[in-house]
Q: 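I have a structure here, written as structure tokens, and I will follow up with some questions on it.
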Amino acid sequence: APFGCVFLTVGMLYWLAMVGVVVEASAAVVINEIHYQPEDDLATEFIEIYNSGATPVDLGGWRFADAVAFTFPQQALAPGAYIVVAANPAALLAEFGVAALGPWAGKLSNDGERIVLLDELGAEVDRVDYGASFPWPTAAGGGGQSMELINPSLDNDLGGSWRSAVPPGALPKRFLL
């Protein structure tokens with residue numbers, strides 16, 4: 001073979017195509033909502049992830065690192081779907097009516113920290129280094145509110161990409177759509 005030329009077998013091309021699909025699918029999963037300082041201090045802490053892609057993503061073996069420790073069981077995250085992981089899933093269900101995976105080991109810092117989502121091979125899928133003061137949503141710091149990503153296409157490592165979330169039941173019924 002001439003210098004600089006690479007010959008690929010059909011098997012190698014198939015493998016590269018499969019890796020490309022996995023990378024593309026995992027790149028569509030983002031950390032979408034964080035409840036780091038609930039009124040009850042710890043029980044209803046949660047992290048929500050969202051699949052903004054067009055294909056399902058197998059979360060089996062994925063994990064959160066740095067802030068809290070949790071490994072996802074074998075489970076698919078459908079396109080456009082959300083999944084919540086909580087410090088105490090039973091408390092989250094009782095308080096907000098939201099089913100969640102968990103529990104996790106550790107606690108989210110009330111002062112801000114880095115949350116990292118890793119795939120089953122340990123590659124970083126997403127990361128948020130959130131803060132508790134401006135430009136991060138300040139209402140999420142102890143008032144019972146979480147913070148949510150304004151749009152999944154925004155850089156979720158920037159405070160301006162987030163807003164305080166309205167807790168369920170906080171708006172009068174006439175305002176609900």
Q: With a cutoff of under 4.5 Å between side-chain heavy atoms, which Ile, Leu, Val, Met, Phe, Trp and Tyr residues group with F134?
A: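 Other cluster members: none.
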Q: What verdict does the side-chain contact (heavy atoms from CB on, under 4.5 Å) test give for V128 and W162, after you've listed the backbone C-alpha separation in whole Å, the side-chain angles of each residue and the deciding distance to 0.1 Å?
A: CA-CA 11 Å; V128 176; W162 296 79; 3.9 Å; yes
Q: Are V29 and W62 close enough that some pair of their side-chain heavy atoms sits under 4.5 Å apart?
A: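 Touching, per the 4.5 Å side-chain cut-off.
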Q: Is a side-chain N or O of S161 found less than 3.5 angstrom from the main chain of D155, in a donor-acceptor match?
A: yes
Q: Which value, rounded to the nearest 0.5 Å, describes the distance between L77 atom CG and I49 atom CD1?
A: 5.5 Å
Q: Quick one: which residue pairs count as a side-chain hydrogen bond (donor to acceptor under 3.5 Å, both in side chains) with a foot in residues 66-80, not counting sequence neighbours?
A: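 Counting only pairs at least two positions apart or across chains, the side-chain hydrogen bond (donor to acceptor under 3.5 Å, both in side chains) contacts touching residues 66-80 are D58-Q74, D66-R114.
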Q: Which heavy atom of S164 sits nearest to which heavy atom of E148, and what is that distance?
A: O-OE2, 4.4 Å
Q: Looking at every non-hydrogen atom in both residues, tell me the closest pair between T44 and P38 and how far apart they are.
A: OG1-CB, 3.1 Å
Q: Measure across I115 and A67 and return the closest heavy-atom pair with its distance rounded to 0.1 Å.
A: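 Here I115 and A67 meet closest at CG1-CB, 3.7 Å.
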Q: How many angstroms lie between CD in E113 and CD1 in I34, if you round to the nearest 0.5 Å?
A: 9.0 Å
Q: Parallel, tilted or perpendicular for W136 and Y130, by the 30°/60° rule?
A: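 Perpendicular.
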Q: Considering all heavy atoms of both residues, which atom of L101 and which atom of P73 are nearest to each other, and what is their separation?
A: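 What the structure gives for the nearest pair is CD1-CD, 4.1 Å.
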Q: Could you give me the CA-CA distance, side-chain angles and deciding distance for L108 and V68, then say whether side-chain contact (heavy atoms from CB on, under 4.5 Å) is met?
A: CA-CA 7 Å; L108 294 174; V68 295; 3.9 Å; yes
Q: Do any N or O atoms from the side chain of N51 and from the backbone of T55 form a donor-acceptor pair under 3.5 angstrom?
A: yes
Q: Might you point out which heavy atoms bring A100 and A86 nearest each other, and give the distance in Å?
A: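 Scanning both residues, the minimum pair turns out to be CB-CB, 3.9 Å.
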Q: Tell me, please, which residues at least two apart from F70 pass ring-ring contact (aromatic ring centres under 6.0 Å, His included).
A: F72
Q: Rounded to the nearest 0.5 Å, what's the gap from CZ on R163 to CD on E33? Could you check?
A: 9.5 Å
Q: Check whether L154 and I31 end up in the same hydrophobic cluster, where Ile, Leu, Val, Met, Phe, Trp and Tyr are linked by side-chain heavy atoms less than 4.5 Å apart.
A: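 Result: no, two separate clusters.
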Q: Do any pairs count as a ring-ring contact (aromatic ring centres under 6.0 Å, His included) and have a residue in residues 107-126, sequence neighbours left out, and if so which ones?
A: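 Every pair satisfying ring-ring contact (aromatic ring centres under 6.0 Å, His included) with a residue in residues 107-126: there are none.
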Q: Is there a path of hydrophobic side-chain contacts, each under 4.5 Å between heavy atoms of I, L, V, M, F, W or Y residues, that connects W104 with L93?
A: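 No: no chain of side-chain contacts under 4.5 Å links W104 to L93.
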Q: Rounded at 0.5 Å granularity, tell me how far CD1 in I150 sits from CG in N156.
A: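 Nearest 0.5 Å value for the CD1-CG distance: 11.5 Å.
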Q: So which atom in Y50 and which in P152 form the shortest heavy-atom distance, rounded to 0.1 Å?
A: CE2-CG, 3.6 Å
Q: List, by chain and then residue number, the residues other than V116 in its hydrophobic cluster (Ile/Leu/Val/Met/Phe/Trp/Tyr, side-chain heavy atoms under 4.5 Å); write none if there are no others.
A: L118
Q: Just verifying a value: how many Å separate Y36 OH and M147 CE, rounded to the nearest 0.5 Å?
A: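 Between atom OH of Y36 and atom CE of M147 there are 5.5 Å.
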Q: Would you give the length of the straight line joining atom CD1 of I47 to atom CG of N32, rounded to the nearest 0.5 angstrom?
A: 12.0 Å
Q: Would you mind listing every salt bridge (Lys or Arg N to Asp or Glu O under 4.0 Å) that reaches into residues 121-131, with sequence neighbours excluded?
A: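 Output for this query lists E124-R127.
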